[in-house]
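This is a predicted model, so every value here is computed, not measured.
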Amino acid sequence: VLVKIVAALAAVIFGPQSTVPPIQVRVKNREMYALSSSLIRSPALRQGLQMAAASRQVSLKVVSVGATQKEESFFEKNERLGRKLSPHLTIYQPQLTSMLSIMHRGTGLALGVGVWGLGLGALISSHDINHYVTMVEGLQLSGATLTALKFIIAYPAGYHTANGIRHLLWDTGRFLKIKEVYSTGYAMVATSFVLTAILALL
């Protein structure tokens with residue numbers, strides 16, 4: 001019976017509809033509805049579905065998350081995968097932008113320490129600045145050596161000033177492209193040497 005029903009349904013669905021008149025199409029639709037209704041109400045079909053469901057037994061078991069997934073911290077996972085923490089200077093190739101940034105912070109720190117040192121020295125020292133100038137003159141250093149020392153002392157001020165102007169230009173939204181960042185970086189380094197040389201020659 002099932003085979004006949006399925007064959008009839010297939011004939012109705014996949015039959016050539018273009019040559020069938022509209023009246024016969026409606027009749028076939030009614031026949032298909034009647035066959036599908038009888039198929040749904042068929043005791044044999046229901047019994048077959050029940051037997052198939054009974055033969056397939058599914059059991060559920062509650063398992064804790066810790067039993068299926070190892071609890072691993074963020075640092076343990078990075079160590080297992082061989083990942084290094086970021087930012088980590090050892091994983092970056094030295095480049096102009098990073099070196100100039102480090103130098104900017106270093107020169108700023110040197111200027112801060114220098115200003116604090118001069119201020120505290122002026123407070124706790126028993127002599128004025130002329131005494132220490134006389135001491136340096138008493139060393140009888142050559143002009144080149146004295147200029148070199150003045151250059152080293154003045155370089156943080158020259159570099160930090162030049163790079164500070166570069167940062168102020170960035171704040172206006174200019175020179176932010178990669179080529180412009182590098183070109184202004186080289187120009188800033190040259191300017192810092194010129195400013196420091198002027199200070200050293202005073």
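- A distance of 11.5 Å separates OH in Tyr159 from OG1 in Thr191, rounded to the nearest 0.5 Å.
- A side chain to side chain donor-acceptor pair (under 3.5 Å) check over residues 94-103, counting only residues at least two apart or in different chains, returns the pairs Ser101-Arg105.
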Could you walk me through whether Val189 and Leu100 satisfy the side-chain contact (heavy atoms from CB on, under 4.5 Å) test, starting with their C-alpha distance in whole Å, then the side-chain angles of each, then the deciding distance to 0.1 Å, before giving a yes or no?
CA-CA 9 Å; Val189 171; Leu100 296 183; 3.7 Å; yes
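- Scanning for ring-ring contact (aromatic ring centres under 6.0 Å, His included) contacts around His104 gives His160, His167, with sequence neighbours left out.
- By the 30° and 60° cut-offs, the orientation of the rings of Tyr182 relative to Tyr186 is tilted.
- Tracing side-chain contacts under 4.5 Å through hydrophobic residues (I, L, V, M, F, W, Y), one never reaches Val194 starting from Ile152; they form parts of separate clusters.
- Judged as a side-chain hydrogen bond (donor to acceptor under 3.5 Å, both in side chains), and not counting sequence neighbours, the contacts of Thr184 are Arg166.
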Give the table of side-chain donor-acceptor pairs shorter than 3.5 Å for residues 136-145, with sequence neighbours excluded, one pair per line with atom names and distance.
{"unit_1": "Ser142", "atom_1": "OG", "unit_2": "Thr145", "atom_2": "N", "d": "3.3"}
{"unit_1": "Ser142", "atom_1": "OG", "unit_2": "Thr145", "atom_2": "OG1", "d": "2.8"}

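- Around atom CD of Glu180, more than 12 heavy atoms belonging to other residues, nucleotides or ligands sit under 6.0 Å away.
- Closest approach of Asn163 and Met188 over heavy atoms only: OD1-CE, 3.4 Å.
- Separating the OG1 atom in Thr107 from the CD1 atom in Ile102 is a distance of 12.0 Å, to the nearest 0.5 Å.
- Rounding to the nearest 0.5 Å gives a distance of 10.5 Å between CG of Leu168 and CZ of Arg174.
- When atom types are taken as modelled, the side chain of Thr172 and the backbone of Leu169 share a donor-acceptor pair closer than 3.5 angstrom.
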With a cut-off of 3.5 Å and sequence neighbours excluded, list every side-chain donor-acceptor pair involving residues 109-125.
{"unit_1": "Ser125", "atom_1": "OG", "unit_2": "His127", "atom_2": "N", "d": "3.2"}
{"unit_1": "Ser125", "atom_1": "OG", "unit_2": "His127", "atom_2": "O", "d": "3.2"}
{"unit_1": "Ser125", "atom_1": "OG", "unit_2": "Tyr132", "atom_2": "OH", "d": "2.6"}

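- Here Ser183 pairs with nothing under the side-chain hydrogen bond (donor to acceptor under 3.5 Å, both in side chains) rule; sequence neighbours left out.
- Separating the OG1 atom in Thr196 from the CZ atom in Phe151 is a distance of 5.0 Å, to the nearest 0.5 Å.
- At distances below 3.5 Å, at least one donor-acceptor pair connects side-chain atoms of Trp170 with backbone N or O atoms of Phe175.
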